[in-house]
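To start, the structure under review is shown below, and the notes come after it.
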Amino acid sequence: LVDTIFLFTDGLHEAENDQLELFGKQRIQDILQDSSSLPPRALIERMSKAVTDFVSDTEQSDDLTMFALQWKK
């Protein structure tokens with residue numbers, strides 16, 4: 001059994017695209033569910049790519065920090 005903790009600052013769910021839409025908590029949850037088997041580094045890389053693709057070239061007004069910790073029982 002593997003457990004993962006994923007922590008992030010509000011800059012992740014508040015990231016905006018050029019239409020002023022937020023990346024949002026639901027999108028984060030969906031990515032986490034689809035990535036449950038990934039190791040921490042790969043999870044963060046996947047989330048980073050998703051938010052980068054979402055915002056495209058839109059300048060962000062907040063920092064973006066993520067931390068993932070995984071342990072096996």
If I compare all heavy atoms of Ser35 with all of Arg46, which pair ends up nearest, and what's the gap? OG-NH1, 2.9 Å
Taking only residues two or more places apart in sequence, or in another chain, which ones meet Asp34 in a side-chain hydrogen bond (donor to acceptor under 3.5 Å, both in side chains)? none
Just grab all the salt bridge (charged side-chain N to carboxylate O under 4.0 Å, His left out) pairs involving residues 9-19, residues at least two apart or on different chains. none
Sequence neighbours excluded - side chain to side chain donor-acceptor pair (under 3.5 Å) pairs with any residue from residues 36-45: none
With Phe67, which residues qualify under ring-ring contact (aromatic ring centres under 6.0 Å, His included), at least two apart? none
Considering residues at least two apart in sequence or located in another chain, which fulfil the side chain to side chain contact (heavy atoms under 4.5 Å, CB included) criterion with Ala68? Phe6, Pro40, Leu43, Ile44
Is there a side-chain contact between Ile28 and Met47 (heavy atoms, below 4.5 Å)? yes
Single-linkage hydrophobic cluster, 4.5 Å side-chain cutoff, Leu69 and Phe8 together: no
Could you list the residues that satisfy side chain to side chain contact (heavy atoms under 4.5 Å, CB included) with Gln26, not counting sequence neighbours? Gln29, Asp30
Counting N and O atoms only, with roles assigned by atom type, does the side chain of Thr9 sit under 3.5 Å from a partner on the main chain of Thr65, one being a donor and the other an acceptor? yes
For the CZ atom of Arg27 and the CG atom of Leu32, what is their distance to the nearest 0.5 Å? 13.0 Å
Residue pairs involving residues 52-62 (criterion side chain to side chain donor-acceptor pair (under 3.5 Å); sequence neighbours excluded): Lys49-Asp53
Show every salt bridge (charged side-chain N to carboxylate O under 4.0 Å, His left out) that has at least one partner inside residues 63-73, sequence neighbours left out. Asp3-Lys73
Any ring pair (Phe, Tyr, Trp, His ring centres under 6.0 Å) pairs touching residues 26-66, not counting sequence neighbours? Phe23-Phe54
